[in-house]
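To start, the structure itself, in structure tokens.
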Amino acid sequence: MIYVTKSPKETQELAGFLLGKFSKIISKKALVVALEGELGAGKTTLVQGLAKALKIKAKIKSPTFTLIKNYPITNYELRIRKVIRNPQSAIRKFNNLYHLDCYRLRDHKDLEILCSKEILNDPRNIVLIEWSDRVKKILPKKHIKIHIDHIDKNVRKIEVKS
Ligand SMILES: Nc1ncnc2c1ncn2[C@@H]1O[C@H](COP(=O)(O)OP(=O)(O)OP(=O)(O)O)[C@@H](O)[C@H]1O
Ligand SMILES: [Mg+2]
């Protein structure tokens, strides 16, 4: 699907809508979202929107230096019921949001150390990876890819593939 947003706020709102869709993907592994796009495309803005929808209070910045950051999610079900259309549908419960920035990584081996199998194998984790194109080799086969293109000062084209 392709979406066009005309402000950072619209990108964050889109993230909330996408979260509703993602929470219906039932799997035995973590939900991995690969975020692609140039510097300033809006990857972190999208992550902030997801975090907002999950009522994570911490301020989210690109983890450029820490490389990975974990945000616990409390009472996911209550949060998510507000953003999905059918309140009766089956949803998965996320307990942790992991935010990674691979901009400074040399290659996928670095990521293997940072983002353990344990994190990737836990279905209660949502793992958001900025600059995922640098670590393509170790991304789980099943992941969601979001590519953001800078169209104009405040306009972004956001392509979501699963
Ligand atoms: N429609 C839009 N969607 C998202 N961000 C937008 C939009 N319009 C303008 N912006 C601005 O673009 C910038 C996006 O920055 P952001 O940190 O999210 O990018 P990034 O892709 O994470 O960059 P980096 O690779 O440096 O981490 C912000 O300053 C934001 O305000
Ligand atoms: Mg960023």
Side-chain angles (χ1 to χ4, degrees), residues 1-23 25 29-73 76 79-80 82-85 94-116 119-120 122 124-140 142-162:
M1 280 294 285
I2 293 178
Y3 305 89
V4 173
T5 64
K6 292 181 179 148
S7 67
K9 189 167 174 269
E10 268 187 39
T11 296
Q12 294 193 356
E13 283 164 5
L14 174 67
F17 166 78
L18 292 174
L19 180 69
K21 287 183 168 267
F22 298 162
S23 63
I25 303 171
K29 303 218 161 159
L31 179 87
V32 175
V33 182
L35 293 155
E36 298 179 357
E38 289 307 307
L39 285 167
K43 303 178 292 295
T44 302
T45 304
L46 202 120
V47 172
Q48 286 164 346
L50 289 168
K52 216 174 189 176
L54 291 163
K55 297 283 186 287
I56 291 170
K57 290 204 179 82
K59 194 166 182 282
I60 300 217
K61 296 182 282 181
S62 282
T64 312
F65 296 100
T66 50
L67 307 175
I68 184 165
K69 198 146 177 11
N70 171 26
Y71 303 90
I73 300 162
Y76 179 75
R79 306 298 173 217
I80 198 66
K82 289 186 183 163
V83 293
I84 58 172
R85 286 206 185 118
F94 293 115
N95 285 353
N96 284 288
L97 183 154
Y98 285 91
H99 184 196
L100 285 93
D101 189 334
C102 297
Y103 187 66
R104 300 167 78 90
L105 296 193
R106 274 166 301 145
D107 59 36
H108 63 97
K109 288 195 195 90
D110 286 353
L111 184 69
E112 276 169 336
I113 299 163
L114 267 181
C115 188
S116 64
I119 295 175
L120 293 172
D122 187 338
R124 291 165 304 179
N125 293 337
I126 175 164
V127 181
L128 310 171
I129 310 180
E130 293 194 36
W131 293 99
S132 57
D133 26 341
R134 306 203 166 189
V135 293
K136 262 183 194 154
K137 275 192 193 159
I138 77 132
L139 290 180
K142 276 201 175 168
H143 66 268
I144 292 162
K145 190 166 105 177
I146 301 186
H147 188 98
I148 310 180
D149 279 318
H150 183 294
I151 305 293
D152 205 346
K153 188 170 176 280
N154 292 313
V155 184
R156 303 290 187 272
K157 188 179 98 181
I158 301 174
E159 188 174 9
V160 183
K161 280 189 197 166
S162 49

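Heavy-atom basis, side chains included; hydrogens, waters and symmetry copies ignored. Start at 1 and go down the list; that is how both ligands and their atoms are numbered.
Counting non-hydrogen atoms of neighbouring residues, nucleotides and ligands closer than 6.0 angstrom, the CD atom of E38 reaches no more than 12 such neighbours.
Side-chain atoms of N125 do not come within 3.5 Å of backbone N or O of A30 as any donor-acceptor pair. Formation of a donor-acceptor pair under 3.5 Å by the K157 side chain with backbone atoms of I151 is not found in this model. For the pair R156 (side chain) and T5 (backbone), a donor-acceptor distance under 3.5 Å is absent. Between the side chain of E159 and the backbone N or O of H147, no donor-acceptor pair lies under 3.5 Å.
Remark: minimum distance from atom 26 (O) of ligand 1 to any protein heavy atom is reached at L39 CD2, 3.3 Å. Protein heavy atom closest to atom 18 (O) of ligand 1, with residue, atom name and distance, is T45 OG1, 2.6 Å. The protein heavy-atom contact nearest to atom 19 (O) of ligand 1 is G42 N, 3.1 Å. Of the protein's heavy atoms, G40 O, 3.3 Å lies nearest to atom 14 (C) of ligand 1. The closest protein non-hydrogen atom to atom 10 (N) of ligand 1 is R156 NH2, 3.3 Å. Of the protein's non-hydrogen atoms, the one nearest atom 8 (N) of ligand 1 is N154 CA, 3.2 Å. Nearest protein heavy-atom contact of atom 31 (O) of ligand 1 is P8 CG, 3.3 Å.
Looking at S62 against ligand 1, only its side chain comes within 4.0 Å, counting heavy atoms. At a heavy-atom distance under 4.0 Å, only side-chain atoms of W131, from C-beta outward, approach ligand 1. Contacts between E130 and ligand 1, counted as non-hydrogen atom pairs separated by less than 4.0 Å, involve the side chain only. The backbone and the side chain of T44 each have at least one atom closer than 4.0 Å to an atom of ligand 1 (non-hydrogen atoms only). For K153, every heavy-atom contact with ligand 1 shorter than 4.0 Å involves the backbone, none the side chain.
When each of Q48, K69, E130, K43 is checked for a side chain to side chain donor-acceptor pair (under 3.5 Å) with H99, only E130 meets the rule.
Residue D101 places no N or O, backbone or side chain, under 3.5 Å from any N or O of ligand 1. Close N/O approach between G37 and ligand 1 is not found [any backbone or side-chain N/O within under 3.5 Å]. For ligand 1, the polar-atom distance check against V155 finds no nitrogen or oxygen pair separated by under 3.5 Å.
Every atom of ligand 1 with a heavy atom of T5 under 4.0 Å away is listed here by number and element: 1 (N), 2 (C), 3 (N). Against a heavy-atom cut-off of under 4.0 Å, K43 is close to the following atoms of ligand 1: 18 (O), 19 (O), 20 (P), 21 (O), 22 (O), 23 (O), 24 (P), 25 (O). Atoms of ligand 1 found under 4.0 Å from any heavy atom of E38, numbered from 1 in the order shown, are 21 (O).
Not a single heavy atom of H150 sits closer than 4.0 Å to an atom of ligand 1.
Classified by interplanar angle (parallel below 30°, tilted 30° to 60°, perpendicular above 60°), the ring pair Y103/W131 is tilted.
Inclusion of S62 in the first shell of the Mg ion (ligand 2) is supported: an N, O or S atom falls under 2.8 Å. Residue contact annotation: Y103 places no N/O/S atom under 2.8 Å from the Mg ion (ligand 2). For the Mg ion (ligand 2), the N/O/S atoms of E130 include one lying under 2.8 Å.
Within the 4.5 Å cutoff, side-chain heavy atoms of K21 are placed close to those of F17.
Within 4.0 Å of atom 3 (N) of ligand 1, at least one protein heavy atom is present.
Of the inter-residue distances, the one linking L54 atom CG with L19 atom CG reads 5.0 Å to the nearest 0.5 angstrom.
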